[in-house]
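Report on one structure; see the data block that follows.
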Amino acid sequence: MSDMHDRELAGAFDGQAPKFEKAPVQSDPAALERLTREAGFPSGSRLLDAGCGPGLVAEAFLRAGCRVVGADLSAVMIEKARARCAYAGEAATFIQASIHSAEVAELGPFDGAYSRYVLHHVLDPRAFLARQVELVRPGGRIILCDHLASPDPAAARRHQELEVARDRTHTRNLSGGELVDLFAGAGLEDVRYCEEPFELDFDEWFDRGTPGESKASVREVMLAGVDARGFRVAPGQSPSIRIECVRAIVSGRRA
Ligand SMILES: C[S@@+](CC[C@H](N)C(=O)[O-])C[C@H]1O[C@@H](n2cnc3c(N)ncnc32)[C@H](O)[C@@H]1O
């Protein structure tokens, strides 16, 4: 099950990589700066980038003086990460592998770990976090950034249906409360949480996905109105559709 999901993810992100690295939400310098600031890793820290994609986040941590080992399932994402971060020389290593693989464990232990926009693609969020806890030294911090789901189950379900229609590899966004519980449940200490709003343009967002349904049918649902915390259609935008989203940054320290 997990191997098949990993293969689907690798294929989907091989296809998405060229548009993904140019997407405003992924490349936004202010959001990257916020993430590195919230993480607060001391310069020289050696970090695991879990699901590194095209190396946008790795580049931000490298520029903050850290060393990065990035792992990703997608060969195209890894090529892009290597090209983007080549200037950093030995401070940056990228490996095409699951974070659950032995190859990644052999590169540890790490001073800290981070992931951005990966959790909503995994089948087992607890296993995804537990793996990072396992690979980080005692005292190391693990930080995660992801889009939020509404705490209202019905609204979260409607949001999830649209996400899956636009990207078949999407599993589930967690609510803010679920994220905090995930970190506390993994035994992490000093759990910190903050959130910030961001916006998506429907066409830009849909066109870089791996859809399971037609764009026209998803557009129709969006225009009828979607009002979930974390995924809300801004009023009065037809024919363009602006989606008001919320992302969270959550972190905790390994005891
Ligand atoms: C939405 S992209 C985010 C990329 C990058 N973190 C960023 O924010 O720019 C999600 C990435 O996670 C990777 N991924 C998902 N599960 C993974 C796993 N178990 N091990 C390694 N990479 C994984 C996918 O291949 C994909 O490239």
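Below, each value reflects all heavy atoms present in this structure, side chains not excepted, and no hydrogens, waters or symmetry copies. Not measured: the values here are computed from a predicted model. Ligands are counted one by one from 1 in listed order, and the atoms in each one are counted from 1 as well.
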request  = Would you mind checking which non-hydrogen protein atom is closest to atom 5 (C) of ligand 1, with the distance to 0.1 Å?
outcome  = Gly51 O, 3.4 Å

inquiry  = Check contact between Met77 and ligand 1, using heavy atoms of the residue and a distance below 4.0 angstrom.
reply    = yes

query = Near Ser98, which atoms of ligand 1 are under 4.0 Å from a heavy atom of that residue?
reply = 19 (N), 20 (N), 21 (C)

remark   = Contact region, Cys52 to ligand 1, non-hydrogen atoms below 4.0 Å, reads backbone

query = Are the charged groups of Asp111 and Arg46 less than 4.0 angstrom apart, N to O?
reply = no

query = At what distance, to the nearest 0.5 angstrom, does CZ of Arg172 lie from CG of Leu123?
reply = 12.5 Å

key: Identity and separation of the nearest protein heavy atom to atom 10 (C) of ligand 1   = Tyr117 O, 3.7 Å

Side-chain donor-acceptor pairs of residues 47-70 under 3.5 Å, sequence neighbours excluded:
residue : atom : partner : partner atom : Å
Asp49   : OD2  : Tyr114  : OH           : 2.8
Glu59   : OE2  : Arg63   : NH2          : 3.1
Arg67   : NE   : Gly44   : O            : 3.4
Arg67   : NH2  : Gly44   : O            : 3.2

Shortest protein contact, atom 20 (N) of ligand 1 (heavy atom only) = Ile99 N, 3.0 Å

key: N or O pair under 3.5 Å between Pro54 and ligand 1   = no

query = So which protein heavy atom does atom 27 (O) of ligand 1 come closest to, and at what separation?
reply = Asp72 OD2, 2.8 Å

note = Within 4.0 Å of some non-hydrogen atom of Leu9, the atoms of ligand 1 are 15 (C), 16 (N)

inquiry  = Centroid separation under 6.0 Å, is that true for the rings of Phe198 and His147?
reply    = yes

ask   = Does any donor atom in the side chain of Ser217 or Ser214 lie under 3.5 Å from an acceptor atom in the other side chain?
value = yes

request  = Not counting sequence neighbours, which residues clear side chain to side chain donor-acceptor pair (under 3.5 Å) with Asp14? List them please.
outcome  = Ser74

task = Starting from atom 17 (C) of ligand 1, locate the nearest protein heavy atom and write down its residue, its atom name and how far away it is, to 0.1 Å.
result = Leu73 CD1, 3.5 Å

query = Relative to ligand 1, is Ala10 under 4.0 angstrom through side chain, backbone, both or neither, heavy atoms considered?
reply = neither

remark   = CG (Asp28) and CD (Glu33) are apart, to the nearest 0.5 Å, by 10.5 Å

query = Looking at CD of Gln96 and CD of Glu103, how far apart are the two atoms once the value is rounded to the nearest 0.5 Å?
reply = 9.5 Å

query = Is there a donor in the side chain of Ser251 and an acceptor in the side chain of Arg141, or the other way round, less than 3.5 Å apart?
reply = yes

task = Answer side chain, backbone, both or neither: which part of His121 comes under 4.0 Å from ligand 1, heavy atoms only.
result = side chain

task = Report yes or no: does a heavy atom of Ala17 sit under 4.0 Å from some atom of ligand 1?
result = no

request  = Measure the distance from atom 21 (C) of ligand 1 to every protein heavy atom, then report the residue, atom name and distance (to 0.1 Å) of the closest one.
outcome  = Ala97 O, 3.5 Å

ask   = Which residue owns the protein heavy atom closest to atom 8 (O) of ligand 1, what's the atom, and how far is it?
value = Arg116 NE, 2.7 Å

message = Can you tell me which portion of Phe20 lies within the under-4.0 Å heavy-atom range of ligand 1? Options are side chain, backbone, both, or neither.
response = side chain

request  = Would you kindly say whether Gln16 and Thr210 are connected by a side-chain donor-acceptor distance under 3.5 Å?
outcome  = yes

